[in-house]
Q: 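Okay, handing you the structure first.
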Amino acid sequence: MDARADRFFRRCVAGAAIFVLVALALIGASMIWGGRAAFETFGWHFLVSTEWDAVNKDFGALVPIYGTLVTAAIAMLIAVPVSFGIAFFLTEVAPQWLRTPIAAAVELLAGVPSIIYGMWGLFVFVPFMADNALPWINDNLGSLPGVGALFQGPPLGIGMLSAGIVLSIMIIPFISSIMRDVFLSVPRGLKESAYALGATTFEVVWDVVLPYTRTAVVGGIFLGLGRALGETMAVTFVLGNAHQLSASLLMPGNSIAATIANEFTEADSDLYLSSLIALGFLLFVVTFVVLLIARLMLRGVARKEGQR
Amino acid sequence: MKPALHKHILRRKIRDRFAKTLSAAAVGFALFWLSWILWVTLAHGLTALKPELLTHMTPPPGEEGGLANALFGSLTMSFLAIVMAVPIGIAAGTYLAETAQWRALRESVRFVNDILLSAPSIIIGLFVYTLLVRPFSHFSGWAGAVALALIALPVVVRTTDEMLRLVPAAMREAALSLGIPQWKVTTHVLYRAALPGIITGIMLALARISGETAPLLFTALNNQYWSTDLGAPLASVPVVIFQYAMSPYEEWHALAWAGAFAITLLVLVLSLIARSVVAKRRISHE
């Protein structure tokens with residue numbers, strides 16, 4: 001009797017676990033299925049075409065792909081060094097009593113829903129950029145040789161640069177909390193021996209802690225990248241939803257997630273809808289690969305920690 | 001000491017001091033944005049806070065109104081999502097921590113769950129759209145609840161798994177040695193010991209889904225009127241915020257800020273409670 005109940009219990013919980021596996025597989029399959037009309041109609045052309053014409057039913061994904069990559073790149077450029085600084089401060093520099101409250105405050109940033117970032121971005125940050133930051137950027141960076149073209153354009157406020165900055169604020173808590181955790185997993189003896197040799201705090205972190213935790217740090221960075229690529233609402237508010245390819249970071253653009261969010265309920269033809277789901281499939285594949293790499297790299301640390 | 005060596009040490013010290021200053025600046029950078037965002041939400045939200053929020057429906061342009069239907073929709077869908085996600089999540093977490101016999105299966109479920117945990121929520125929305133909206137050809141509150149449940153599920157799985165693994169092995173062995181079957185040990189002993197942690201996971205999941213917008217856009221859509229029909233489009237606070245904030249009307253903006261304030265407050269309170277429960281637990285274990 002007990003043995004049968006036990007077997008039943010085990011099957012139930014195993015079923016729930018397999019449900020988790022199946023869910024991810026179903027998500028991928030449903031995207032392929034929903035996007036098949038777009039893939040059949042446009043083929044590889046879908047990936048390289050900048051056309052996005054609902055009237056003539058001609059759709060290409062290059063503009064949203066470009067916008068997704070550029071905004072994520074800006075976000076990473078800001079978030080990675082800042083996150084390293086935060087982790088460095090929280091593990092080596094700050095006095096003990098300050099560490100917990102600061103870590104909690106930074107993690108609060110992660111808890112704020114993305115639609116709040118979007119609203120704040122649209123009503124507060126975008127006007128601030130348009131009035132104060134962008135004219136300065138235009139005047140001072142726009143005239144630089146080579147990179148100047150990136151910083152020229154009307155000070156709209158809405159655009160790639162603003163979206164990238166908002167994204168960076170959203171992913172800093174993820175990257176910094178992982179970096180902090182992996183820095184804390186470094187054996188004490190290793191750090192102490194470096195200190196004993198006369199190394200400064202910065203040298204200990206840069207030359208001992210960072211090489212020791214390299215894979216996990218990269219994993220944390222990839223986890224943040226996954227977030228930045230898939231983030232929807234905040235980007236939708238500040239990116240401008242314009243289907244045009246522009247060299248300037250100050251111009252509005254589009255991202256995969258923002259395109260889907262903005263246009264899904266307006267899609268009036270099957271091919272339009274299918275193209276949006278096909279975009280979703282691209283996003284799914286890219287974030288899946290990025291998160292896969294992130295998790296694989298982070299798993300090494302868990303194992304290392306387990307052995308100690 | 002040779003002057004050259006002295007210079008070298010000085011340079012290293014300056015570099016160290018410089019790095020420390022920059023790291024403090026990085027913390028200041030993050031706290032600056034946090035306080036700016038919270039301040040703006042608080043200031044705008046408080047001025048828009050009125051009793052009509054709870055009693056009036058979302059208005060057409062140019063009229064006064066409230067968020068009653070959106071609040072109802074959000075509460076209903078979050079509640080249903082939690083009701084769906086918690087049993088499956090706890091069961092799957094139990095499998096991972098307690099009964100898994102094949103290492104490969106256990107590791108791959110953990111892995112896939114972690115990926116689901118950080119998968120973009122808009123993808124989940126599209127998935128539920130193709131699963132539940134397109135075949136039935138109408139948006140519905142049920143579809144919204146399922147989408148939210150899929151987002152809450154990995155959070156519950158992960159915390160249950162972690163919290164059960166924190167329960168000392170001696171407790172399991174003691175109960176099993178009394179001849180109690182495994183399912184009873186799990187439900188009567190281990191769940192009781194891990195309960196605060198599991199509740200923390202449920203609250204974190206609730207905090208996560210109460211601000212989710214993207215997956216609701218294609219599942220529950222929105223509803224301008226009072227509706228309790230889960231088979232029909234249902235309003236929710238995040239979607240109303242999205243719609244009203246994007247609009248050109250001042251009254252709508254004020255309502256969007258009120259909604260933003262309510263959600264932010266709820267999310268922050270939920271995550272603070274969840275955090276304090278975990279913190280207390282850690283202390284009691286030491």
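All values below were derived from every heavy atom in this structure, side-chain atoms included, with hydrogens, water molecules and symmetry-related copies excluded. We name chains A, B, ... by the order of the sequence lines, and we start the count at 1 in each one.
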Q: Contact part of B:Leu221 toward chain A, heavy-atom cut-off under 4.5 Å: side chain, backbone, both or neither?
A: side chain
Q: Which bit of A:Asn262 is near chain B, if near means a heavy-atom gap under 4.5 Å: side chain, backbone, both or neither?
A: side chain
Q: Centres of the A:Phe128 and B:Trp36 rings: under 6.0 Å?
A: yes
Q: Counting only heavy atoms closer than 4.5 Å, note whether A:Phe123 contacts chain B via side chain, backbone, both or neither.
A: side chain
Q: Using heavy atoms and a sub-4.5 Å threshold, report which of residues 77-87 of chain A line up against chain B, by residue number.
A: A:Ile78, A:Val82, A:Gly85, A:Ile86
Q: Which atoms of A:Leu21 are under 4.5 Å from chain B, going by heavy atoms: the side chain, the backbone, both sets, or neither?
A: both
Q: At a heavy-atom distance under 4.5 Å, which candidate from B:Thr41, B:Leu270, B:Leu217 has the highest pair count against chain A?
A: B:Leu217
Q: Where on B:Ala214 is there a heavy atom nearer than 4.5 Å to chain A: the side chain, the backbone, both, or neither?
A: both
Q: Of the backbone (N, CA, C, O) and the side chain (C-beta and beyond), which part of A:Met119 lies under 4.5 Å from a heavy atom of chain B, both, or neither?
A: both
Q: Measuring heavy-atom distances to chain A, does B:Leu96 have an atom under 4.5 Å in its side chain, in its backbone, in both, or in neither?
A: neither
Q: Does any heavy atom of chain A fall under 4.5 Å from the side chain of B:Ile90, the backbone, both, or neither of them?
A: neither
Q: Less than 4.5 Å to any heavy atom of chain A: does that hold for the side chain of B:Val27, its backbone, both, or neither?
A: both
Q: Cut-off 3.5 Å, side chains only: do B:Lys13 and A:Thr200 have a donor facing an acceptor?
A: no
Q: Between A:Phe237 and B:Phe242, is there a side-chain heavy-atom distance shorter than 4.5 Å?
A: yes
Q: Taking C-beta and beyond as the side chain, do A:Glu231 and B:Pro120 meet within less than 4.5 Å on heavy atoms?
A: no
Q: If you look at every heavy atom in B:Ala30 and A:Leu109, which pair is closest and at what distance?
A: O-CD1, 3.7 Å
Q: If I measure from the heavy atoms of chain B, does A:Leu273 come under 4.5 Å with its side chain, its backbone, both, or neither?
A: side chain
Q: Does any non-hydrogen side-chain atom of B:Ile115 lie less than 4.5 Å from one of A:Phe288?
A: yes
Q: With a 4.5 angstrom heavy-atom cut-off, is it the side chain or the backbone of B:Arg110 that approaches chain A, or both, or neither?
A: neither
Q: Could you tell me which portion of B:Thr186 (side chain, backbone, both or neither) has an atom closer than 4.5 angstrom to a non-hydrogen atom of chain A?
A: side chain
Q: Is it the side chain or the backbone of A:Ile116 that comes within 4.5 Å of chain B heavy atoms, both, or neither?
A: side chain
Q: Is A:Ile27 in contact with chain B via its backbone, its side chain, both, or neither, using a 4.5 Å heavy-atom distance?
A: both
Q: Report which part of A:Ser168 has an atom under 4.5 Å of a heavy atom belonging to chain B: side chain, backbone, both, or neither.
A: neither
Q: Can you tell me which portion of A:Phe284 sits under 4.5 Å from chain B's heavy atoms? Options are side chain, backbone, both or neither.
A: both
Q: With a 4.5 angstrom heavy-atom cut-off, could you sort out which part of A:Leu223 is near chain B: side chain, backbone, both or neither?
A: side chain
Q: Aromatic contact between B:Phe18 and A:Phe202, with the criterion being ring centroids under 6.0 Å apart: yes or no?
A: no
Q: So which residue, B:Val267, B:Asp114, B:Thr94, B:Ile88, ends up with the most heavy-atom pairs under 4.5 Å with chain A?
A: B:Asp114
Q: Can you say whether B:Leu22 sits under 4.5 Å from chain A via the side chain, the backbone, both, or neither, judging by heavy atoms?
A: neither
Q: Side chain, backbone, both or neither: which part of A:Thr201 has a non-hydrogen atom closer than 4.5 Å to chain B?
A: both
Q: Are A:Tyr117 and B:Trp33 close enough that their ring centres sit under 6.0 Å apart?
A: no
Q: At a heavy-atom separation under 4.5 Å, does B:Ala256 approach chain A through its side chain, its backbone, both, or neither?
A: both
Q: Heavy-atom cut-off 4.5 Å, strictly under: side chain, backbone, both or neither for B:Ile124 against chain A?
A: side chain
